[in-house]
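Everything quoted here is computed from the prediction, not taken from an experiment. Side chains are part of it too, since the values below use all heavy atoms of this structure and drop only hydrogens, waters and symmetry mates.
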Amino acid sequence: FRFWVEEYNKSYHTSLRRATWGIASPVEYDVPKCDHQVKGCSLVNGSWIHTISGTYEGEGILSAAHFHCHAPTCLSMAMYRCPPKTKVCNASSGELLCEQRPV
């Protein structure tokens, strides 16, 4: 491991407040076995895809975002920025900030 340390400089370092928003339990999610009756599941090109989404209204300035995704059940994750009070923030209503896809 490498750790980089920089001495605190009051003129340009800013104290950050950490806010955590997790899907499900607070940060883990059990992917269900899909079929046609399971909410969020769809059959796409012979493969079951389970999609979850949510809208989180934050405050302040976003300094970092870290996805937590386990292969092979996680195919992608994306974060969008939408105007305040947007009910559903997604690709149709917001600006893509970052996205994670498999290599």
Check side chain to side chain contact (heavy atoms under 4.5 Å, CB included) between E7 and all other residues, then give those that pass, not counting sequence neighbours.
-> none
Will you find, in the side chains of N45 and S47, an N or O donor that is under 3.5 Å from an N or O acceptor?
-> no
Please collect all side chain to side chain donor-acceptor pair (under 3.5 Å) contacts where either partner lies in residues 31-43, sequence neighbours excluded, each pair once.
-> none
SG of C34 to NE2 of H50: how many Å apart, nearest 0.5 Å?
-> 5.5 Å
Can I get a per-line list of side-chain donor-acceptor pairs under 3.5 Å for residues 87-100, giving both atom names and the distance, sequence neighbours left out?
{"from": "N90", "atom 1": "OD1", "to": "S92", "atom 2": "N", "distance (Å)": "2.9"}
{"from": "N90", "atom 1": "OD1", "to": "S93", "atom 2": "N", "distance (Å)": "3.2"}
{"from": "N90", "atom 1": "OD1", "to": "S93", "atom 2": "OG", "distance (Å)": "3.4"}
{"from": "S93", "atom 1": "OG", "to": "V88", "atom 2": "O", "distance (Å)": "2.7"}
{"from": "S93", "atom 1": "OG", "to": "N90", "atom 2": "N", "distance (Å)": "3.1"}
{"from": "E95", "atom 1": "OE1", "to": "R81", "atom 2": "NE", "distance (Å)": "3.4"}
{"from": "E95", "atom 1": "OE1", "to": "R81", "atom 2": "NH2", "distance (Å)": "2.7"}
{"from": "E95", "atom 1": "OE2", "to": "R81", "atom 2": "NH2", "distance (Å)": "3.4"}
{"from": "E99", "atom 1": "OE2", "to": "R101", "atom 2": "NE", "distance (Å)": "3.1"}
{"from": "E99", "atom 1": "OE2", "to": "R101", "atom 2": "NH2", "distance (Å)": "3.1"}

Excluding I49, membership of its hydrophobic cluster (Ile, Leu, Val, Met, Phe, Trp, Tyr; side-chain heavy atoms within less than 4.5 Å) reads V44, L75
In chain order, what residues pass the side chain to side chain donor-acceptor pair (under 3.5 Å) check against Y8, with sequence neighbours excluded?
-> none
Residues clustering with W48 (ILVMFWY side chains joined when closer than 4.5 Å, directly or via others) = L43
